[in-house]
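All remarks here apply to the structure that follows.
We number each residue from 1, following the sequence as shown. When a ligand or atom number is given, it counts from 1 through the structure's own listing order.
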Amino acid sequence: MKKRTFLKLAGAVGAEAILPPVARLGAKNKVPEKLKNWAGNIEYSTESLYAAKSVEEVKSYVAKTRRLKVLGTRHCFNTIADSKDAFLSLKPMEEVVALDATAKRVTADAGVTYGRLAPYLHEKGFALHNLASLPHISVAGACSTGTHGSGEKNGNLSTAASGLEIVTASGDVVVLSRKKDGDKFSGAVVGLGALGAITKATLEIQPTFMARQWVYENMPMEALKAHFDEIEAAGYSVSLFTDWRNKNVNEVWIKERIGGAKQFEAKAEWFGAKLAKKNLHPIAELGAENCTEQMGVPGPWYERLPHFKMGFTPSAGKELQSEFFVPRKDAVEAIFAVEKLHEKISPHLLITEIRTIAADDLWLSPCYQRDSVAIHFTWQQDWPAVKTVLPDIEKTLSPFGVRPHWGKLFTMEPAVLRSRYKRLPEFVELAKKYDPQGKFRNEFLNAYIFGNQ
Ligand SMILES: Cc1cc2nc3c(=O)[nH]c(=O)nc-3n(C[C@H](O)[C@H](O)[C@H](O)COP(=O)(O)OP(=O)(O)OC[C@H]3O[C@@H](n4cnc5c(N)ncnc54)[C@H](O)[C@@H]3O)c2cc1C
């Protein structure tokens with residue numbers, strides 16, 4: 001599969017000006033490319049994009065701009081990152097600022113991607129606790145939306161954050177840390193971009209490690225009823241992939257930490273599933289060349305924890321995504337409740353992924369104070385069809401207090417969503433403290449976070 005090139009777009013814009021669409025004209029007479037998200041399903045509402053190269057540039061741009069949204073790597077599927085007024089990209093700010101080997105923490109410019117940060121850390125002898133399915137995303141965007149990988153003992157990626165440098169609406173620089181600010185810091189981390197422009201993030205690190213992954217094919221879904229806990233505990237990170245057809249789990253990916261407390265014994269058959277004999281893509285019809293190495297081949301953590309390799313298209317490319325978090329204790333009941341909708345879901349689906357995530361204390365994290373299971377849907381890019389199925393899934397998962405992924409597609413009413421986050425009123429106050437006039441708000445935030453406030 002071909003490498004994607006459009007991630008270069010934001011970086012191609014100079015730091016001196018907000019460029020009109022015509023400035024992005026490539027070849028002569030070419031129609032200007034509209035600014036879109038990664039999947040291309042959202043055409044952003046403005047073409048004004050300013051790319052800052054330093055904190056000073058961020059400060060001066062923020063101070064003189066009435067309303068703006070900070071843009072990461074544009075991998076969200078909904079309008080959370082959209083703006084009608086102006087965008088600030090921190091893509092040129094992607095360097096590691098400090099590595100403290102003793103305190104085990106790294107501070108980096110917030111525009112850095114995991115794909116850039118992770119090899120650096122490994123080379124220095126360190127690792128992050130987990131990664132998402134892809135390394136292409138920015139640290140700031142991922143932490144701001146509660147992005148996660150899998151592993152019942154692994155918190156989402158935001159839980160690694162121990163410090164943030166933020167340029168607030170006034171153009172001032174505020175530094176928050178877990179140590180100094182405690183609970184307030186927990187409010188700021190999954191901040192949805194509402195507190196200001198994060199210019200640096202400090203993340204906790206640990207000694208580097210090697211990992212390997214095994215893939216099993218065709219596990220009868222029934223096996224989850226009696227063995228869900230055992231299956232999830234089999235690896236450092238476990239993902240179940242299903243198309244919901246024939247009560248079958250199409251693939252089970254087990255990511256094992258080499259030298260960890262418990263090693264996985266890769267038998268030819270496991271809970272009715274067969275050990276794969278070649279590398280697989282989660283969507284079995286697609287070739288595995290953009291996927292990380294499987295078949296038990298050892299490799300550094302950052303080349304095994306994500307499913308997809310840096311430099312290659314992650315997932316399918318032309319797709320939509322939704323994801324719903326329910327308490328881990330309700331996992332099996334929730335999975336089988338969704339299974340009952342298979343006739344509605346499967347015709348529009350590319351694949352579902354089921355992952356576990358440890359509870360955390362971050363106010364707007366979908367895993368706030370509950371160990372969670374996340375049921376994810378990679379859809380065909382057909383929003384009219386998908387939006388008719390989502391309400392059924394949300395209704396089915398409603399008894400479990402479902403929370404949708406902040407960066408993916410959902411149809412839940414704003415008031416319902418707000419009711420699922422008990423610290424949301426405090427978050428609103430925190431955001432107002434740093435952004436009293438709503439400079440960093442957009443329609444998404446106004447609807448789902450601030451309501452009429
Ligand atoms: C193929 C694919 C696979 C994915 N896999 C996963 C997965 O495994 N797990 C998962 O949880 N999600 C996954 N996602 C969803 C997505 O990656 C995340 O939700 C993440 O937010 C994307 O980060 P971004 O930098 O692209 O953010 P953007 O979409 O650019 O922005 C998201 C939000 O973060 C804010 N933001 C970004 N940078 C800053 C900053 N510097 N300061 C303040 N606010 C900022 C924006 O204002 C916006 O509100 C996937 C997406 C795709 C396309």
Should [X] be counted as touching ligand 1, given the test is an N or O pair under 3.5 Å?
X	result
L90	no
L71	no
Q321	no
C76	yes
H75	yes

- Message: If you take the centroid of each ring, where Trp contributes its six-membered ring, are H281 and F308 closer together than 6.0 Å?
- Response: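 Centroid separation for F308 and H281: below 6.0 Å.
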Can you name the atoms of ligand 1, numbered from 1 with element, that are less than 4.0 Å from a heavy atom of [X]?
X	answer
A81	31 (O), 48 (C)
W38	1 (C), 53 (C)
A197	42 (N)

- Query: Which heavy-atom pair separates V249 from T242 by the least distance, and what is that distance?
  - Reply: CA-CB, 4.2 Å
- Note: K422 and Y368 closest approach over all heavy atoms is CE-CE2, 4.0 Å
Counting non-hydrogen protein atoms only, what is the nearest one to [atom]? Give residue, atom name and distance.
atom	result
atom 18 (C) of ligand 1	T147 OG1, 3.1 Å
atom 43 (C) of ligand 1	G196 O, 3.2 Å
atom 17 (O) of ligand 1	I137 CG2, 3.3 Å
atom 41 (N) of ligand 1	I198 O, 3.0 Å
atom 14 (N) of ligand 1	K408 CE, 3.7 Å
atom 30 (O) of ligand 1	G72 N, 2.8 Å
atom 33 (C) of ligand 1	T145 CG2, 3.8 Å
atom 12 (N) of ligand 1	H405 NE2, 3.2 Å

- Query: Under a 4.0 Å N-O cut-off, is there an ion pair linking D85 with K439?
  - Reply: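 No, this pair does not count.
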- Can we say R212 and E293 salt-bridge, meaning some charged N sits less than 4.0 Å from an Asp/Glu carboxylate O?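 Looking at E293 together with R212, the answer is no, because their closest N to O distance does not fall below 4.0 Å.
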Would you call the rings of [X] and [Y] parallel, tilted or perpendicular, where under 30° means parallel and over 60° means perpendicular?
X	Y	answer
H75	W38	parallel
Y448	F444	tilted
F325	H405	tilted

- Message: Using the rule side-chain contact (heavy atoms from CB on, under 4.5 Å), only one of H148, R328, K153 pairs with T356; which is it?
- Response: R328
Residue portion contacting ligand 1 (non-hydrogen atoms closer than 4.0 Å) for [X]:
X	result
R355	side chain
S133	both
V70	both
W406	neither

- Query: Quick one: OH on Y114 to CG on L121, what's the gap to the nearest 0.5 Å?
  - Reply: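 Nearest 0.5 Å value for the OH-CG distance: 11.0 Å.
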